[in-house]
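Taking it in order: structure first as structure tokens, then the write-up.
In this text the structure is predicted, and so the values were computed from the model without any measurement.
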Amino acid sequence: MIERGDILSIAYLKKAVFTGSYEGMRFRFAVVMRELSGAEEEETGNGKQVLEITVWEGPYAYDATPEKKKQRRDFEFSEEGIQDGIHFLNGLWEAEPGKWQAAKTSW
């Protein structure tokens, strides 16, 4: 299982993208700007930083994997959001362990 210690700090994520893998499941943590809804945008005048987590089957890297094979989900960019993202990834792995384990040997 992926644990909090496996993912780098918020300070790191503010500056760089983090990629990792677990038993054939590849993942990417990236901070991105998202547009706010109409009322929210009028209030602040800009977008919102979110933690985008992308997951795909290995063995290939993010850039070598077609977009249609990637699954994305946004989380709050905070410690709680990182924890929620880890829970999300572990849930995906637990739901289909055979799929992910087969991916790690599909060179």
Side-chain angles (χ1 to χ4, degrees):
M1 302 216 44
I2 302 165
E3 297 181 7
R4 177 61 185 102
D6 299 327
I7 310 301
L8 295 179
S9 69
I10 287 179
Y12 178 91
L13 292 172
K14 284 181 180 179
K15 297 179 182 181
V17 171
F18 174 76
T19 59
S21 66
Y22 178 75
E23 297 290 324
M25 181 174 66
R26 304 289 313 259
F27 53 87
R28 178 179 185 260
F29 283 60
V31 177
V32 297
M33 290 297 289
R34 294 283 189 240
E35 292 182 16
L36 298 172
S37 66
E40 288 177 312
E41 187 170 3
E42 286 178 22
E43 224 175 85
T44 63
N46 53 19
K48 177 182 179 180
Q49 279 189 326
V50 298
L51 179 63
E52 179 188 75
I53 297 179
T54 308
V55 61
W56 66 98
E57 293 176 44
Y60 301 111
Y62 179 83
D63 291 334
T65 302
E67 284 299 314
K68 65 183 179 185
K69 293 190 175 191
K70 297 174 187 172
Q71 179 180 352
R72 288 185 168 76
R73 185 158 171 200
D74 288 349
F75 295 90
E76 179 181 313
F77 182 50
S78 65
E79 185 59 39
E80 183 178 328
I82 293 171
Q83 294 285 356
D84 291 344
I86 292 167
H87 181 74
F88 165 70
L89 292 174
N90 286 330
L92 287 177
W93 197 91
E94 289 170 355
E96 298 182 277
K99 167 186 165 180
W100 302 112
Q101 290 173 333
K104 71 179 179 179
T105 59
S106 65
W107 291 88

- [ ] Please identify each residue that fulfils ring-ring contact (aromatic ring centres under 6.0 Å, His included) with Y22, with sequence neighbours left out.
- [x]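 ring-ring contact (aromatic ring centres under 6.0 Å, His included) check on Y22 returns W93.
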Under a 4.0 Å N-O cut-off, is there an ion pair linking [X] with [Y]?
{"X": "E52", "Y": "R34", "answer": "yes"}
{"X": "K69", "Y": "E57", "answer": "no"}
{"X": "R72", "Y": "E67", "answer": "yes"}

Note, [X] side chain near [Y] side chain (heavy atom, < 4.5 Å):
{"X": "Q71", "Y": "L92", "result": "yes"}
{"X": "M1", "Y": "E94", "result": "yes"}
{"X": "Q49", "Y": "K14", "result": "no"}

Open item on the list: If you compare all heavy atoms of L51 against all heavy atoms of E76, which two are closest, and at what distance to 0.1 Å?
Closed with: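 Smallest heavy-atom distance, with atoms named: CB-O, 4.0 Å.
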Task: Closest non-hydrogen atom pair, A103 against G24 - done: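 Taking A103 first and G24 second, the nearest heavy atoms are CB-O, 3.7 Å.
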Under the 3.5 angstrom rule, does the side chain of [X] hit a backbone N or O of [Y] as a donor-acceptor pair?
{"X": "W56", "Y": "Y60", "value": "yes"}
{"X": "D74", "Y": "V50", "value": "no"}
{"X": "S9", "Y": "Y12", "value": "yes"}
{"X": "K70", "Y": "Y62", "value": "yes"}
{"X": "N90", "Y": "H87", "value": "no"}

Open item on the list: I'd like to know if I10 and L89 are part of one continuous hydrophobic network [Ile/Leu/Val/Met/Phe/Trp/Tyr, side-chain heavy atoms within less than 4.5 Å].
Closed with: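 Yes.
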Open item on the list: Side-chain heavy atoms nearer than 4.5 Å, only ILVMFWY residues, links allowed to pass through others: does that put V31 and L8 together?
Closed with: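 They do share one cluster, since a chain of ILVMFWY contacts under 4.5 Å joins V31 to L8.
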- [ ] Test S78 against E80 for side chain to side chain donor-acceptor pair (under 3.5 Å), laying out the working first.
- [x] CA-CA 5 Å; S78 65; E80 183 178 328; 5.5 Å; no
Open item on the list: According to salt bridge (charged side-chain N to carboxylate O under 4.0 Å, His left out), who are the partners of R73, at least two apart in sequence or on a separate chain?
Closed with: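 R73 satisfies salt bridge (charged side-chain N to carboxylate O under 4.0 Å, His left out) with no other residue.
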Open item on the list: Quick one, I82 with F75, criterion side chain to side chain contact (heavy atoms under 4.5 Å, CB included). Give me CA distance, side-chain angles, the key distance, then yes/no.
Closed with: CA-CA 7 Å; I82 293 171; F75 295 90; over 6 Å; no
